[in-house]
K.L.:
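Just dropping this structure here.
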Amino acid sequence: MSRFYLTTAIDYANGDPHLGHALEKIGADVIARYQRAAGLDVHFMIGMDEHGQKVAQTAAAQGSEPQAFTDRIAERFLATWEKLGISHDQFIRTTTPHHKAGVQALIRRIAERQPDDFYEQSYRGLYCVGCEAFKQPADIVDGRCVLHPTRTLEEVEERNWFFRLSKYAPFLRAHIEGNPQFVQPISRRNEILGLLDQGLEDISASRSRLSWAVPFPMPLSTGEVQGTYVWFDALPNYLTGTGFPDGDWESRWPAQLHIIGKDITRFHVVIWPAMLHAAGLPLPEQVWAHGFVQLGGERFSKSAGVKLDLHEAIDRFGADAFRYVLLREVPFDGDGNFSWERFEERYTSDLANALGNLASRAVAMVEKYRGGVVPVAAAPDDEAGDHDDVRAYHAAMNGSRGWLLHDGISAVARQVARANEFTQQSAPWQLAKDATQADALDVVLASLIRRLARCTMQLAPFMPNKCAQLWRTLGAPSSLAALQFDALSSLDVAGWRVTKGDPLFPRPVAPAEPS
RNA sequence: GGGGGUGUAGCUCAGGUGGUUAGAGCGCCGGUCUCAUAAACUGGAAGGCGUGGGUUCGAGCCCCACCGCCCCCA
């Protein structure tokens, strides 16, 4: 069985999970579930990035020790992922002893194989005591830190370990050009190639004044032991998650797919591959950068009040509906928009009216006209159109053209619409009035259940719980979770015993109030 | 300031290599039907294709400039 090691970015532990985090986890979860149903041996890892001065400061501001603080944040993320039905196999945290040892092992391995890659150098910059960090020009107005305008920025010089990233520019260019699937979508690939054109600068690998960090495994020539800087701490999580450097980590590395946000593409396709290559380790097969969700056309902003309560959104119509609508509305290869209004519209038209009502009317007719048992009958010609859409679904979902999850949903939505159309045109309620049309009625009813079963299977990665419920309603003998896609083409629904229950997706009772 | 994207009906988006009256879904307006969650099916209205130039017999698709928005870097 082919293995499929899939990761998302690890989330920075200085606040609660928000819509952006959710989009990435849901998208990756859909991919993980799809690949399992496609028969792959999936290992799906998510986690937390818990080091850094910002975390230590936020903890201190709340009167907490950093570890206790990140423990709490990690709990909150985990609770959210559970509520959303994320099916991760592993949840990694960068403050665990194994990860810290793995980071140090990776750094030592690079230093052994490429002794020239780490070197000491002085770094000068404007340091803000309030932030306990060096500030970039963008964060400085009138010579003051924008966050601490009452304080004076100090020009500070410190010695750090640097990593010779510049040396790897030719390697990276060759790798990215020679492996078109490595950085996706293509727009992101072009962006990185343009960046390589401008040349790479070496990056610092350690910092002083970085107390909440993995100790850098090599002291400076002064004897000082510094903290490992963000790249060398966070990025290796994908590797340490496999058990590196212990055990049979090589059975899982390299990862098949890193799912990340477009803002951190550079770290994942420049810095991370350079580190791995320096260590003599294979590179991940693909990095996929998704876009951003905006809220009602505006970007997130706590100060401007542009935010959305994730739990409120999940509770509105349930986790499955939220997952579906979010991925339906936000293309996974670009930016998208989310609003309460849109959420409600999509839920009502796609889920309540189209799919939910289709299931409802089909099951009701099988009960009414055939005592709840799906009759034996051949498939009508009308189903032929579905085959093209099933193909389109897989083409969108299997990664061969990128991870176009929104296109996958569209392909199923077309099948649902076709089934409603078919129902209208064949008018089973008319056939039922005429005993000589019994065979024709059998064909229609069996076809409807078969179409529903197909759609259910295809939508299962998006809405695992609702689809399992629908699967039971249809009276399928096997469990949906155990079913694989290759069983779909030969699906036999004859004899299934349907049961009409409460509406799968009840129509909204009251308009959603943006609170 | 540099780089990568993006701007097409009220909303979200499709529109290989430029070529007759620019498409879809949702929403909206009208019609049909009754199995169904007042759902479904069907017909229709609706677009200066960001702005201004240019290339071409002909541009939403090519070139230049400018404007708005997203991301990265400085």
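Worth knowing before you read on, the calculation uses all heavy atoms, side chains too, and leaves out hydrogens, waters and symmetry mates. Letters A, B, ... are given to chains in the order of the sequence lines, protein chains preceding strands, and every chain is numbered from 1.
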K.L.:
Please determine if a side-chain N or O atom of A/N190 lies less than 4.0 Å away from the OP1 or OP2 oxygen of B/G5.
P.N.:
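For B/G5, OP1 or OP2 has a side-chain N or O of A/N190 closer than 4.0 Å.
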K.L.:
Where the side chain of A/S349 is defined as all heavy atoms beyond and including C-beta, which of B/G27, B/C35, B/A40 is the nearest nucleotide?
P.N.:
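Closest nucleotide to the A/S349 side chain: B/G27.
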K.L.:
Nearest-nucleotide wise, let me know which of A/G356 and A/E329 is further upstream toward the 5' end of RNA chain B.
P.N.:
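Counting from the 5' end, the first nearest nucleotide belongs to A/E329.
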K.L.:
Using both distances under 3.5 Å as the test, list the Watson-Crick or G-U wobble partner of B/A36, or none.
P.N.:
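B/A36 is paired with nothing.
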K.L.:
Quick one: look up who B/G43 pairs with, Watson-Crick or G-U, both distances under 3.5 Å, and put none if it's unpaired.
P.N.:
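In the structure as shown, B/G43 has B/C29 as its Watson-Crick or wobble partner.
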K.L.:
Ignoring backbone atoms, test whether A/R507 places a side-chain nitrogen or oxygen under 4.0 Å from the OP1 or OP2 oxygen of B/A39.
P.N.:
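Answer is yes, contact under 4.0 Å.
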K.L.:
Send over the distance from A/R418 CZ to B/U42 P, rounded to a whole Å.
P.N.:
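Going from A/R418 (CZ) to B/U42 (P), I get 12 Å.
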K.L.:
By nearest atom, which of the nucleotides B/C33, B/A36, B/U12 is closest to the A/W429 side chain?
P.N.:
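Nearest listed nucleotide: B/C33.
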K.L.:
Between A/F338 (CZ) and B/C13 (C1'), how many Å, whole number?
P.N.:
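It is 17 Å, rounded to the nearest whole Å.
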K.L.:
Partner of B/G68 by Watson-Crick or G-U wobble geometry, both contacts under 3.5 Å, or none?
P.N.:
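Partner of B/G68: B/U6.
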K.L.:
Answer with yes or no whether the side chains of A/W403 and A/H290 bring together a donor and an acceptor at under 3.5 Å.
P.N.:
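No, A/W403 and A/H290 have no side-chain donor paired with an acceptor closer than 3.5 Å.
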K.L.:
If B/G48 has a Watson-Crick or G-U wobble mate with both distances under 3.5 Å, name it; if not, just say none.
P.N.:
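The base-pairing partner of B/G48, which may sit in any strand shown, does not exist here.
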K.L.:
Between A/Y12 and A/H51, do the side chains contain a donor N or O and an acceptor N or O under 3.5 Å apart?
P.N.:
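Short answer, no.
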K.L.:
Tell me if the aromatic rings of A/Y324 and A/F462 count as close, with their centers under 6.0 Å from one another.
P.N.:
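So the answer is no for these two rings.
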K.L.:
Look at the side chain of A/N353 and the base of B/A39, then say whether one donor and one acceptor between them are separated by less than 3.5 Å.
P.N.:
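Answer is no: no donor-acceptor pair is held.
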K.L.:
Using the P atoms only, state how far B/G10 lies from B/C28, rounded to an integer number of Å.
P.N.:
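Straight-line distance between the two P atoms is 15 Å.
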K.L.:
Whole Å only: how far is the CG atom of A/D407 from the C1' atom of B/A24?
P.N.:
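About 13 Å, once rounded to whole Å.
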K.L.:
What's the gap between B/G30 and B/C67 when it is taken at their P atoms, as a whole Å value?
P.N.:
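Per the computed distance, 46 Å lies between those P atoms.
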K.L.:
So, for A/F118 and A/F162, is the gap between ring centers shorter than 6.0 Å?
P.N.:
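For A/F118 and A/F162, the ring centres are not under 6.0 Å apart.
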K.L.:
Say you pick atom C1' in B/C72 and the same atom in B/A65; how far apart are they, in whole Å?
P.N.:
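One C1' to the other, the span is 24 Å.
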K.L.:
Over how many whole Å does the gap from A/Y347 atom OH to B/C26 atom P extend?
P.N.:
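It works out to 17 Å between those atoms.
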K.L.:
Which value, in whole Å, describes the distance between the C1' atoms of nucleotides B/G60 and B/G18?
P.N.:
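My reading of the C1' atoms in B/G60 and B/G18 gives 10 Å.
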K.L.:
Quick check on the 6.0 Å ring-centre criterion: do A/W231 and A/F267 meet it?
P.N.:
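Yes, ring centres under 6.0 Å apart.
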K.L.:
Does A/R266 put a side-chain nitrogen or oxygen below 4.0 Å from OP1 or OP2 of B/C73?
P.N.:
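Checking B/C73 against A/R266, a side-chain N or O does come within under 4.0 Å of OP1 or OP2.
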K.L.:
Side chain of A/Q424, heavy atoms from C-beta onward: which of B/C41, B/U37, B/G2 has the nearest atom to it?
P.N.:
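Within the option list, the nearest is B/C41.
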K.L.:
Only pairs with both distances under 3.5 Å count, Watson-Crick or wobble alike; so what is the partner of B/G16 in this structure?
P.N.:
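Answer to the pairing question: none, since B/G16 forms no Watson-Crick or G-U pair.
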K.L.:
Identify which nucleotide among B/C35, B/C11, B/G4 has an atom closest to any side-chain atom of A/R188, counting heavy atoms from C-beta outward.
P.N.:
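Of all the options, the side chain of A/R188 is nearest to B/G4.
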K.L.:
Determine whether the aromatic ring centres of residues A/F338 and A/F343 are separated by less than 6.0 angstrom.
P.N.:
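So the answer is yes for these two rings.
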K.L.:
Would you measure the distance from the C1' atom in B/U34 across to the matching atom in B/C69 and give it in whole Å?
P.N.:
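So the two C1' atoms sit 48 Å from each other.
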K.L.:
Which is more 5' along RNA chain B, the nucleotide nearest A/P503 or the one nearest A/F292? Just name the residue.
P.N.:
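Nearest-nucleotide comparison on RNA chain B picks A/P503.
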K.L.:
Compare side-chain N and O positions of A/Q430 against OP1 and OP2 of B/U34 and report whether any pair is under 4.0 Å apart.
P.N.:
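True: A/Q430 side-chain N/O within range (under 4.0 Å) of B/U34 OP1/OP2.
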K.L.:
Compare the minimum distances between each of B/U37, B/C70, B/A40 and the side chain of A/Q294, then state the nucleotide with the smallest one.
P.N.:
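Looking only at heavy atoms from C-beta outward on A/Q294, the closest nucleotide is B/C70.
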K.L.:
Would you mind pulling out the nucleotide paired to B/A74, Watson-Crick or G-U wobble, both distances under 3.5 Å?
P.N.:
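WC or wobble partner does not exist here.
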